[in-house]
Amino acid sequence: VLGWIGAMITLAFGCQGGPATFLTRLDEARRLAADLHVQFKEAADASNRAVMADTDEASIEFAGDAEKAVVLIESDVAALAPQLRSFGFPNEIQLLEEFRAHFADYRALDREILTLAVENTNLKAQRLSFGAARQAADGLRDSLGAIPSSVPAKDRCRVEGLVAKATLAVREIQVIQAPHIAESDDAAMTRMEKEMADRDGVARDAIKALAEIVPPGARSSLDAALLGLDRFKDVSGQIVTLSRRNSNVRSLDLSLRTKPPLTAACDGSLRALEDALAAEGSKATR
């Protein structure tokens, strides 16, 4: 009888070093699987934070956190795979391979998301719109606002109308910038850009008409207004270029639409792997 029991133990644990060694190694495999799951969640969460961050520094920091978690994921997989093969657990081996395949797809997409997120082109466009573009527009307004008081009374009404026309056209461009920055459709952005170009033309025509009316003493204000309009157009062009890149909009769209199924697939494989290893532990202690 004792010989039969010894034979059964040998068959059960083979060259794995006996029950105690087998359970110790199984516990290590379970620990690696659990850590793998934790690191995957950390990577996904850090990637999401990079997308939602409102500064370049924060985006870069969170993207770095995601990359660090990926390194740990790869380390856990490299350590766990040979352990599962040594146990001869076909189900667990298959689940880890499934995770590897899902994670490869997830990783390819996440690289694209993080690359876009740290560019922050929409955020930079928004800052330009609220900063340099607004300053140029306000400078233009102030330069134009100094002109009416310098013209003869008979021309003042017409001059005030042209000043208001130019100022309003620039303000309308400012209003269009915000939806352009948020827009993801190329055709819609093209329409907005045409509107902005039309408004710029209106402002320039108004300043050109003012040049035919204002006296020499107001020329400096008019020249300053034209320089302000040129500066505003240059900044507005930078805003359009950054907005067209749409890195924040695109990274957010990929995170919300494309990434969740891949995340769920990876998570599902890891949960199944942990459950399978837990069941192996139960069998070994019976």
key: Residue list, side-chain hydrogen bond (donor to acceptor under 3.5 Å, both in side chains) with Ser221, at least two apart or on another chain   =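 Listed in chain order: nothing, the list is empty.
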[atom1]/[X] to [atom2]/[Y] distance, rounded to the nearest 0.5 angstrom?
X      : Y      : atom1 : atom2 : result
Glu98  : Cys266 : CD    : SG    : 11.0 Å
Ser236 : His180 : OG    : NE2   : 8.5 Å
Leu96  : Asn91  : CG    : CG    : 11.5 Å
Ile213 : Leu162 : CD1   : CG    : 5.5 Å
Asn248 : Asn120 : CG    : CG    : 4.5 Å
Leu226 : Leu144 : CG    : CG    : 9.5 Å

ask   = Is the number of heavy atoms from other residues, nucleotides or ligands under 6.0 Å of Arg134 CZ greater than 12?
value =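 No, because the 6.0 Å sphere around CZ of Arg134 holds 12 heavy atoms or fewer from other groups.
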query = Does atom CE of Met52 have more than 12 heavy-atom neighbours, drawn from other residues, nucleotides or ligands, at distances under 6.0 Å?
reply =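 No, not enclosed.
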inquiry  = Show, in sequence, the C-alpha distance, side-chain angles and deciding distance for Leu270 and Phe40, and conclude whether the side chain to side chain contact (heavy atoms under 4.5 Å, CB included) test is met.
reply    = CA-CA 9 Å; Leu270 291 176; Phe40 175 72; 3.9 Å; yes
Decide, yes or no, whether a salt bridge links [X] with [Y] under the criterion of side-chain N to carboxylate O below 4.0 Å.
X      : Y      : answer
Glu274 : Arg30  : no
Arg271 : Asp275 : no
Asp155 : Arg158 : no
Arg25  : Glu28  : no
Glu67  : Arg107 : yes
Glu193 : Arg244 : yes
Asp138 : Arg171 : yes

request  = Test side chain to side chain contact (heavy atoms under 4.5 Å, CB included) on Glu112 and Leu254 and set out the steps.
outcome  = CA-CA 9 Å; Glu112 181 180 0; Leu254 289 172; 3.8 Å; yes
If you compare all heavy atoms of [X] against all heavy atoms of [Y], which two are closest, and at what distance to 0.1 Å?
X      : Y      : answer
Ala29  : Phe87  : CB-CE1, 3.9 Å
Gln39  : Ala69  : O-CB, 3.6 Å
Val51  : Ser255 : CG2-OG, 3.4 Å
Val159 : Pro148 : CG1-CA, 3.9 Å
Ile176 : Met192 : CG2-CB, 3.7 Å
Ala63  : Ala50  : N-CB, 3.8 Å

Hydrophobic cluster membership, [X] vs [Y], 4.5 Å side-chain cutoff:
X      : Y      : answer
Leu168 : Met196 : no
Leu128 : Met189 : no
Val70  : Val118 : no
Phe22  : Leu277 : yes
Ile239 : Val170 : no

Would a distance-only check, ignoring hydrogens and angles, find a side-chain to backbone donor-acceptor pair under 3.5 Å from [X] to [Y]?
X      : Y      : value
Lys124 : Glu119 : yes
Ser86  : Gln83  : yes
Arg156 : Val151 : yes
Ser47  : Ala44  : no
Thr263 : Lys259 : yes
Ser59  : Thr55  : yes

query = Apart from Val175 itself, which Ile, Leu, Val, Met, Phe, Trp or Tyr residues share its cluster (side-chain heavy atoms under 4.5 Å, direct or through members)?
reply =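 Members besides Val175: none; it forms no cluster.
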request  = Go through the side-chain N and O atoms of His102 and Asp267 and say whether any donor and acceptor fall under 3.5 Å apart.
outcome  =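 Side chains of His102 and Asp267: no pair found under 3.5 Å.
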ask   = Just checking, is any N or O donor in the side chain of Asn122 or Gln126 under 3.5 Å from an acceptor N or O on the other one?
value =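 No, no side-chain donor-acceptor pair sits under 3.5 Å.
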Which donor-acceptor pairs under 3.5 Å do side chains of residues 201-212 form with protein atoms, sequence neighbours excluded?
| residue | atom | partner | partner atom | Å |
| --- | --- | --- | --- | --- |
| Arg204 | NE | Asp200 | OD1 | 3.4 |
| Arg204 | NE | Asp200 | OD2 | 2.9 |
| Arg204 | NH1 | Asp230 | OD1 | 2.9 |
| Arg204 | NH2 | Asp230 | OD1 | 2.9 |

May I ask you to test the [X]-[Y] pair for a side-chain heavy-atom distance under 4.5 Å?
X     : Y     : value
Leu72 : Leu36 : no
Phe99 : Ile73 : yes
Leu26 : Phe89 : yes

task = Would you please test Leu273 and Leu80 for side chain to side chain contact (heavy atoms under 4.5 Å, CB included) and show each step?
result = CA-CA 11 Å; Leu273 176 59; Leu80 182 58; 3.8 Å; yes
ask   = With Thr121, which of Ser243, Ser247, Ser251 fulfils side-chain hydrogen bond (donor to acceptor under 3.5 Å, both in side chains)?
value =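 Of the listed residues Ser243, Ser247, Ser251, the side-chain hydrogen bond (donor to acceptor under 3.5 Å, both in side chains) partner of Thr121 is Ser247.
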query = Ile181 and Ser129: side chain to side chain contact (heavy atoms under 4.5 Å, CB included), yes or no, with the steps?
reply = CA-CA 9 Å; Ile181 293 169; Ser129 182; 4.2 Å; yes
